[in-house]
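Just so it is clear, the model here is predicted, and its values are computed rather than measured.
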Amino acid sequence: MRNTIETFALISAASLANQPMILLKKGRELREIADRFFETFQLVPNKILETENIHLASNLVSLGKGFTFVPAIFLRDSFPNKDNNFYVQITDYPLKRELYCCHRKNAYLTEAEQFLIRKLPEILA
């Protein structure tokens with residue numbers, strides 16, 4: 001297991017052509033990112049198995065059922081099977097998504113919430 005995304009092995013997008021994919025169901029942001037990825041590179045997966053949750057997708061990858069996309073932040077802590085799976089970064093298509101921390105304007109924030117908001121940029125860097 002690698003500690004930072006910069007140390008992951010690099011593969012090209014084309015290497016996922018005709019591979020079995022385990023994806024989140026339509027309507028999920030990570031699925032939309034995956035669909036845009038396939039469209040951008042004109043790739044067609046061999047088959048697509050859909051699931052509601054990324055942890056199940058990771059378990060299915062561990063069983064050798066295919067490939068999936070996971071956010072790098074999940075690999076920093078206790079993501080299931082992170083030591084059993086092999087993670088790579090796609091060289092020619094950085095999969096990115098926005099993460100927001102929202103709260104009601106002028107709402108009371110506990111000390112813990114304030115601490116989290118202050119630490120998020122450092123945690124996500």
Side-chain angles (χ1 to χ4, degrees):
M1 185 60 205
R2 294 145 183 99
N3 293 325
T4 63
I5 194 76
E6 291 81 19
T7 60
F8 289 155
L10 300 174
I11 64 168
S12 70
S15 62
L16 291 177
N18 300 313
Q19 297 297 326
M21 297 299 300
I22 302 161
L23 303 175
L24 296 183
K25 290 192 174 187
K26 290 193 182 286
R28 303 287 187 106
E29 183 183 10
L30 199 54
R31 175 57 183 268
E32 291 172 16
I33 291 170
D35 288 343
R36 280 194 310 268
F37 169 83
F38 294 124
E39 184 179 317
T40 298
F41 290 99
Q42 300 176 343
L43 299 176
V44 178
N46 183 353
K47 63 180 177 180
I48 294 177
L49 178 63
E50 293 183 325
T51 179
E52 290 281 341
N53 121 11
I54 199 161
H55 295 95
L56 179 57
S58 178
N59 286 334
L60 291 168
V61 168
S62 291
L63 295 172
K65 301 299 181 188
F67 297 85
T68 195
F69 298 106
V70 295
I73 193 169
F74 285 168
L75 304 179
R76 293 184 181 173
D77 296 314
S78 57
F79 190 65
N81 298 316
K82 74 177 183 181
D83 294 326
N84 297 332
N85 292 338
F86 185 72
Y87 296 90
V88 296
Q89 185 173 2
I90 300 169
T91 58
D92 38 5
Y93 189 77
L95 298 171
K96 296 189 180 197
R97 65 184 193 164
E98 300 294 322
L99 181 64
Y100 299 94
C101 179
C102 304
H103 60 85
R104 194 171 337 144
K105 186 176 182 179
N106 299 322
Y108 171 76
L109 297 174
T110 66
E111 188 175 322
E113 291 166 333
Q114 292 174 37
F115 176 79
L116 176 64
I117 290 169
R118 284 192 311 271
K119 290 301 241 178
L120 274 176
E122 179 184 321
I123 293 168
L124 299 174

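- We find that Lys119 and Glu122 are joined by a salt bridge, their nearest charged nitrogen and carboxylate oxygen being less than 4.0 Å apart.
- With side-chain heavy atoms closer than 4.5 Å counting as contact, directly or through intermediates, the hydrophobic cluster containing Leu109 also holds Ile117.
- What you find for Ala17 and Leu43 is that their closest heavy atoms are CB-CD2, 3.6 Å.
- Cluster annotation: Phe67 is not connected to Val44 through the hydrophobic network of ILVMFWY side chains, with a link wherever side-chain heavy atoms come within less than 4.5 Å.
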Test Lys26 against Asp35 for side-chain contact (heavy atoms from CB on, under 4.5 Å), laying out the working first.
CA-CA 9 Å; Lys26 290 193 182 286; Asp35 288 343; 3.3 Å; yes
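- Of all heavy-atom pairs between Gly66 and Val61, the closest is O-CG2, 3.5 Å.
- Counting Ile, Leu, Val, Met, Phe, Trp and Tyr side chains that sit under 4.5 Å apart, directly or through other members, Tyr108 stands alone, with no cluster partners.
- Taking CG of Leu116 as the reference point, atom OG1 of Thr110 lies at 9.0 Å (rounded to 0.5 Å).
- Listed by first then second residue, pairs satisfying salt bridge (Lys or Arg N to Asp or Glu O under 4.0 Å) with a partner in residues 14-25 read Lys25-Glu52, not counting sequence neighbours.
- Distance alone, capped at 3.5 Å, is enough to place a donor-acceptor pair between the Thr91 side chain and the Ile11 backbone.
- The side chain to side chain contact (heavy atoms under 4.5 Å, CB included) test applied to Arg118 returns Gln114, Phe115, not counting sequence neighbours.
- Partners of Lys47 under the side chain to side chain contact (heavy atoms under 4.5 Å, CB included) rule, at least two apart in sequence or in another chain, are Pro20.
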Kindly determine whether Ile90 and Phe41 satisfy side-chain contact (heavy atoms from CB on, under 4.5 Å), including the steps that lead there.
CA-CA 12 Å; Ile90 300 169; Phe41 290 99; 5.6 Å; no
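- The main-chain N or O of Ile54 is never found under 3.5 Å from a side-chain atom of Ser58 such that the two would form a donor-acceptor pair.
- Distance alone, capped at 3.5 Å, is enough to place a donor-acceptor pair between the Thr68 side chain and the Ile22 backbone.
- Atom-to-atom distance recorded for Glu32:CD and Glu29:CD is 7.0 Å, nearest 0.5 angstrom.
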Residue pair Phe69, Leu24: steps toward the side-chain contact (heavy atoms from CB on, under 4.5 Å) verdict
CA-CA 9 Å; Phe69 298 106; Leu24 296 183; over 6 Å; no
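- Smallest separation of non-hydrogen atoms from Ser12 and Ser15: O-OG, 2.6 Å.
- When the salt bridge (charged side-chain N to carboxylate O under 4.0 Å, His left out) test is applied to Glu50, the partners found at least two apart in sequence or on another chain are Arg31.
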